[in-house]
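To keep things clear, I will list the structure first and then write my remarks on it.
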There are 2 protein chains.
Amino acid sequence: MNASRTARERVRAELTREITDIARRHLAVDGAAGLSLRAVAREMGMVSSAIYRYFPSRDDLLTALIIDGYNALGEAVEKADATVPRDDFTGRWLAVCRAVREWAVARPHEYALLYGSPVPGYRAPEDTIAPGARGVAVFGRIVAEAVAAERLAPPAVLPEPPPAIAPDAEVVRTLIPGASDDVISRAVTAWTGLFGMVSFEVFGQFTNTIDHRAEFFEHAMTCLARVLGLPA
Amino acid sequence: MNASRTARERVRAELTREITDIARRHLAVDGAAGLSLRAVAREMGMVSSAIYRYFPSRDDLLTALIIDGYNALGEAVEKADATVPRDDFTGRWLAVCRAVREWAVARPHEYALLYGSPVPGYRAPEDTIAPGARGVAVFGRIVAEAVAAERLAPPAVLPEPPPAIAPDAEVVRTLIPGASDDVISRAVTAWTGLFGMVSFEVFGQFTNTIDHRAEFFEHAMTCLARVLGLPA
DNA sequence: GTGTCGTCAAGAGCAGTGCTCTCGATTGCC
DNA sequence: GGCAATCGAGAGCACTGCTCTTGACGACAC
């Protein structure tokens, strides 16, 4: 029956998962550069060549870890968003920000794999883009719903975006339907501001400078929300 | 005489410099993970063990490259700032932003070494902090001079920073004398926003999303300047 | 000028890595 | 029961960072 073949595939899936789990643990300790296929194999009681039955190369293992990471972060973001009342747009944004920061601070090496220098090859493969969009999709929904509820009031202190970026805005609008180019531009800036702040903290740029990081982060994200036009 | 000993030290300094030059070229091509002491030694016509007379370990070579990188970026920022009239504060800020972006886009792997995941050890050593402050010093000067010239008018749409960050603001004030906690908070946010934007672009987060990157960058940095309070 | 000492490059060698290939053994399907 | 696909083990290759020893060269004191 199919059951038998399914049994084989099941143990394969289980071993694949065990490999990524161990690899993720090693990654958390040693960083991407220190992740060794042989060490993972040793811990599994396998010989190193056996790993290649499951991942054709070390880079593919890292890519799998990247995809898992994006999904884990995306899930954390989704859960954080879900804990806040739907019409508290600023609260939802702040919850998302905190989720990203806490996820990153708890696993700096994994975060570095996602948003630091991409280790495998120069550009991460296409496969990582879709799961990477999971978190930003939540953010887009928050902004879009705020727009739809007419609760978004961007302060009129910024210039209009140049027409050149209109095609890009069109692409982003699939995530934030109903938003003007100006709102889209502010949203992208807020999103990069979030990750800029988290990266600076995780990668040590705040050493000897910002010590009260949670408080400053909270304030900075509140300011980003205001500039975006989310209610105070 | 000392001349002879100086001659010896001079050839040593020259070889040290040649090593870092070759290493920097390899870094630009293969990234930090692919930098090999043996490959550098081969290109120099030396045997690999000879390199250890100049750098006690691969991590020390990388640290030297980090320091050189911070200095190069800092110099690029200083030069960019110097090309703009002293009282055109917004122009100086934009010049600094463009310098950072162009430097990063031209050498993504080197930029990743500075602002992506720190490769050697978990935290870059103390030695890298001082040269790393060179760029931010320029930025601090721009803001401080704008404050002194009473040309800084931060739009009153943001909440005041919480008292908890006052001690941190005190530290940053050494870079931006005369600035209020609010201005300092905005300045830090603008600075992290700059690097968040550059990192997103260099690390490929804008793939399939933002294509007109120079134009969007220009606009976003103009907006950050406005939020900071620099004149329109 | 001679001898001594510090500096240096070369070479061999060790432990570790990613990856390939071959070879039995086991498993699943007809 | 036999066939074919799958899988783990093992050996091996080329490469890495790093250590240690050896021998040569240059700088200094005498």
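Convention: sequence-line order gives letters A, B, ...; per-chain numbering from 1.
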Exercise for review: Using only heavy-atom distances, determine whether the side chains of B/Tyr52 and B/Ser57 contain a donor-acceptor pair under 3.5 Å.
Suggested key: no
Exercise for review: State plainly whether the residues A/Glu14 and A/Arg10 are in salt-bridge range, i.e. N to O under 4.0 Å.
Suggested key: no
Practice item. Figure out the CZ/P separation between A/Arg10 and C/dT27, and round it to whole Å. Key: 15 Å
Revision key, fill the gap. B/Arg53 atom CZ is separated from D/dT22 atom P, nearest whole Å, by 14 Å
Check your understanding: Should A/Glu9 and A/Arg12 count as an ion pair when the cut-off is N to O under 4.0 Å?
Key -> no
Revision key, fill the gap. Taken to the nearest whole Å, CG/A/Leu61 to C1'/C/dT17 is 14 Å
Check your understanding: Can you check whether B/Leu114's main-chain N or O pairs, donor with acceptor, with B/Tyr70's side chain at less than 3.5 Å?
Key -> yes
Check your understanding: Quick one: is A/Tyr54 getting a side-chain N or O under 4.0 Å of the D/dC7 phosphate, OP1 or OP2?
Key -> no
Review point. Hey, can you pull the residues of residues 14-29 of chain A with a non-hydrogen atom under 4.0 angstrom from DNA chain C?
Key: none
Practice item. Verify the distance criterion only: is there a donor paired with an acceptor across the side chains of A/Ser36 and A/His26 at less than 3.5 Å? Key: no
Practice item. Using a 4.5 Å cut-off on heavy atoms from C-beta on, say whether the side chain of A/Phe216 contacts that of B/Pro161. Key: no
Check your understanding: Quick one: A/Ile51 CD1 to C/dG18 P, roughly how many Å, whole number?
Key -> 10 Å
Revision key, fill the gap. Whole-Å distance, A/Glu9 CD to C/dG28 P, equals 11 Å
Check your understanding: Got a donor-acceptor contact below 3.5 angstrom from the A/Asp81 side chain to the A/Arg92 backbone?
Key -> no
Review point. Reckon A/Arg12 has a side-chain N or O less than 4.0 Å from the OP1 or OP2 of D/dC7?
Key: yes
**Study point:** Base versus backbone protein contacts along nucleotides 10-20 of chain D [heavy-atom cut-off under 4.0 Å; B, S, -]
**Key:** B-B---BBBBB
Exercise for review: Classify the side-chain pair B/His109/A/Ser117 by whether it contains a donor and acceptor separated by less than 3.5 Å.
Suggested key: no
Check your understanding: Is it true that a side-chain atom of A/Trp93 and a backbone atom of A/Met221 form a donor plus acceptor pair closer than 3.5 Å?
Key -> yes
Practice item. Starting at atom CZ of A/Phe55, determine the distance to atom C1' of D/dG8, rounded to an integer number of angstrom. Key: 17 Å
